[in-house]
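Following: one structure in structure tokens, then a few remarks.
Side chains included, hydrogens not; waters and symmetry mates left out as well; all remaining heavy atoms used.
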Amino acid sequence: MAYTTIDNPELYFQTKLYTGNGSTQSITFDGSENMQPDWVWVKQRSGTTNHKTSDSVRGATKALQPNDVDAEATDSDGITSFDSNGFSLGAGGDYNGSSNTQVAWCWKESATAGFDIVSYTGNGSSGLTVSHSLSAVPSVIIIKNRSGSYSWTVYHHKNTSAPETESLFLDTNDATADRVNEFNDTAPTSSIFTVGDGNSVNNSSENFIAYLFAEKKGYSKFGSYTGNGSSDGTFIFTGFRPAFVLQKKTSGTSNWVIYDNKRDTSNVVTQELKPDVSNAESSFTNIDILSNGFKQRADYAYTNNSGGTYIYMAFAEAPFVNSNGVPNNAR
């Protein structure tokens with residue numbers, strides 16, 4: 001029986017905590033394996049600043065901000081290189097302000113891990129097809145117009161019973177909505193995804209970046225659940241001990257929220273950051289991270305309202321059982 005395709009998730013995803021120094025510095029990951037990242041998403045924990053993200057396809061100094069609609073900008077004070085086991089930073093800014101506590105969520109692009117970064121140019125016509133290299137059907141697609149001030153568009157394969165007809169925006173707290181001009185009411189395949197004529201995904205002659213994820217057993221899970229409104233909340237099985245959880249209520253207006261295993265090293269997980277706003281880190285009773293999933297621990301609108309529907313993205317710290325049949329430990 002195959003329990004996982006990836007025994008060591010640190011080869012493909014790591015969270016790094018660091019403190020800014022207002023000068024150039026190199027950030028080295030803490031994991032037991034070296035990982036050169038291709039997508040780095042940074043947020044200052046201690047203050048109200050924008051989320052920042054850079055990737056190896058656009059180039060290290062090309063920054064986008066997940067919590068707003070701004071077009072891509074060159075940020076020489078941000079990430080300056082993706083290194084063999086971390087990344088390097090310029091002298092300050094939202095990535096590296098002096099004494100600021102920061103978190104960086106970092107992914108390596110790999111079909112093995114089900115992650116692909118795709119750059120494309122829009123043509124303004126419905127039905128544009130864009131090739132990808134996952135060799136699997138993507139479960140999540142996140143698209144940003146690099147050239148213009150438009151929202152981050154999100155496809156999630158568990159967002160309603162017809163997910164290709166619906167979309168969410170990463171930079172807003174809006175509920176899901178039926179939008180034919182985003183994904184053209186066309187499901188992605190193992191080789192392409194399709195976009196409509198919306199400005200956020202296909203404005204003519206403008207440049208776009210897409211982050212695509214496919215599920216990999218024991219490493220990543222992109223699912224949905226229904227809240228129960230209780231401190232003895234809904235349990236979500238992932239098949240691994242999560243290192244990172246991003247979730248969003250789809251049935252109503254509510255913030256996105258991120259938890260990870262580095263800002264909270266024991267249960268209950270309390271430290272949260274919200275991708276759609278620039279707020280500093282806040283502390284609430286939220287979830288337990290378990291050996292095979294996560295469990296809601298409060299009745300919050302953005303995590304566990306009774307009858308609310310939610311989608312999530314989760315990446316592993318360790319598979320529930322590795323390929324040799326050895327189970328992981330609980331926290």
_Leu64 vs Asp70 side-chain heavy atoms within contact, under 4.5 Å_ = no
*Would you say the side chains of Thr121 and Glu206 form a donor-acceptor pair under 3.5 Å?*
no
*Spell out, as yes or no, whether a donor-acceptor pair under 3.5 Å connects the side chain of His157 to the backbone of Phe222.*
yes
*Go through Thr53 and Val42 one step at a time and tell me if the side chain to side chain contact (heavy atoms under 4.5 Å, CB included) criterion holds.*
CA-CA 6 Å; Thr53 187; Val42 172; over 6 Å; no
*Answer whether the closest heavy-atom distance between the side chains of Ile79 and Thr61 falls below 4.5 Å.*
no
*asked:* Nearest 0.5 Å, please: how far is CG in Asp38 from CH2 in Trp107?
replied: 12.0 Å
*asked:* So which atom in Thr234 and which in Asn304 form the shortest heavy-atom distance, rounded to 0.1 Å?
replied: OG1-OD1, 3.6 Å
*Determine whether Leu168 and Ile311 make a side-chain contact, defined as any pair of heavy atoms from C-beta on separated by less than 4.5 Å.*
yes
*Going by an N to O cut-off under 4.0 Å, is there a salt bridge joining Glu72 and Arg58?*
yes
*Does Asn145 reach the main-chain N or O of Ser147 with its side chain, forming a donor-acceptor pair under 3.5 Å?*
yes
*Non-hydrogen atoms of Ser167 and Glu182 that approach each other most closely*: OG-CG, 3.4 Å
_When you group the ILVMFWY residues by side-chain heavy-atom contacts below 4.5 Å and let the links chain together, are Tyr312 and Val140 in the same group?_
no
*Kindly indicate whether the side chain of Thr160, heavy atoms from C-beta on, has any atom under 4.5 Å from the side chain of Thr176.*
yes
*asked:* Do Arg263 and Thr270 pair up side chain to side chain, a donor and an acceptor below 3.5 Å, judged on atom types alone?
replied: no
*asked:* If we count only N and O atoms by modelled type, under 3.5 Å, do the side chains of Glu272 and Asn286 hold a donor and an acceptor together?
replied: yes
*Whether over 12 other heavy atoms sit under 6.0 Å from Lys16 NZ*: yes
*On the ring face of Tyr302, is Lys274 found with NZ or CZ under 6.0 Å from the centre and within 45° of the axis?*
yes
*Side chains of Gln247 and Thr303: do they bring a donor and an acceptor to under 3.5 Å?*
no
*Given the rule in the ring-ring contact (aromatic ring centres under 6.0 Å, His included) test, do Phe87 and Phe82 qualify, once you have shown the distances and angles that lead to the verdict?*
CA-CA 4 Å; Phe87 53 93; Phe82 300 102; 7.7 Å; no
*Does Tyr259 share a hydrophobic cluster with Phe244, counting links as ILVMFWY side-chain heavy atoms below 4.5 Å and allowing steps through other members?*
no
*In sequence, state the C-alpha distance, the side-chain angles, and the governing distance for Phe213 and Phe315, and then conclude on ring-ring contact (aromatic ring centres under 6.0 Å, His included).*
CA-CA 11 Å; Phe213 297 90; Phe315 296 89; 5.6 Å; yes
_Within-4.5 Å side-chain heavy-atom neighbours: Leu246 and Pro275_ = yes
*Indicate yes or no: at least one non-hydrogen side-chain atom of Lys262 is less than 4.5 angstrom from one of Leu17.*
yes
*Closest approach of Thr172 to Ser151 (non-hydrogen atoms, all atoms of both residues)*: CG2-OG, 4.2 Å
*Shared ILVMFWY cluster between Tyr18 and Val103, side chains joined below 4.5 angstrom?*
no
_Minimum side-chain heavy-atom gap Trp41-Lys52 below 4.5 Å_ = no
*Are Glu166 and Arg179 within salt-bridge range, i.e. N to O under 4.0 Å?*
no
*Do the ring planes of Trp39 and Tyr211 sit parallel (below 30°), tilted (30 to 60°) or perpendicular (above 60°)?*
parallel
*Look at the aromatic rings of Tyr225 and Tyr310 and report parallel, tilted or perpendicular, splitting at 30° and 60°.*
parallel
_With a 3.5 Å distance limit and no angle check, can you tell me whether Asp116 reaches the backbone of Leu212 through a side-chain donor-acceptor pair?_
no
*Show your reasoning for whether ring-ring contact (aromatic ring centres under 6.0 Å, His included) applies to Phe284 and Tyr300.*
CA-CA 10 Å; Phe284 297 92; Tyr300 295 140; 5.8 Å; yes
*Check for a donor-acceptor pair, side chain of Asn184 on one end and backbone N or O of Thr186 on the other, with a separation under 3.5 Å.*
no
_pair Ser278-Thr49: side-chain heavy atoms closer than 4.5 Å_ = no
*Transitive ILVMFWY side-chain link Met313 to Trp105, under 4.5 Å*: yes
*Is a side-chain donor-acceptor pair under 3.5 Å present for Gln25 with Ser23?*
no
*asked:* Please give me the minimum heavy-atom distance between Asn21 and Thr24, naming the atom from each residue.
replied: ND2-O, 3.8 Å
*CD/Glu10 to NZ/Lys108 distance, rounded to the nearest 0.5 angstrom?*
14.5 Å
*asked:* If the threshold is 4.0 Å, N to carboxylate O, is there a salt bridge linking Asp232 and Lys295?
replied: yes
_Sidechain-backbone polar pair: His132 side chain, Val137 backbone, donor-acceptor under 3.5 Å_ = no
*asked:* Give me the atom names and distance for the closest heavy-atom approach of Tyr219 to Pro9.
replied: CD1-CB, 3.8 Å
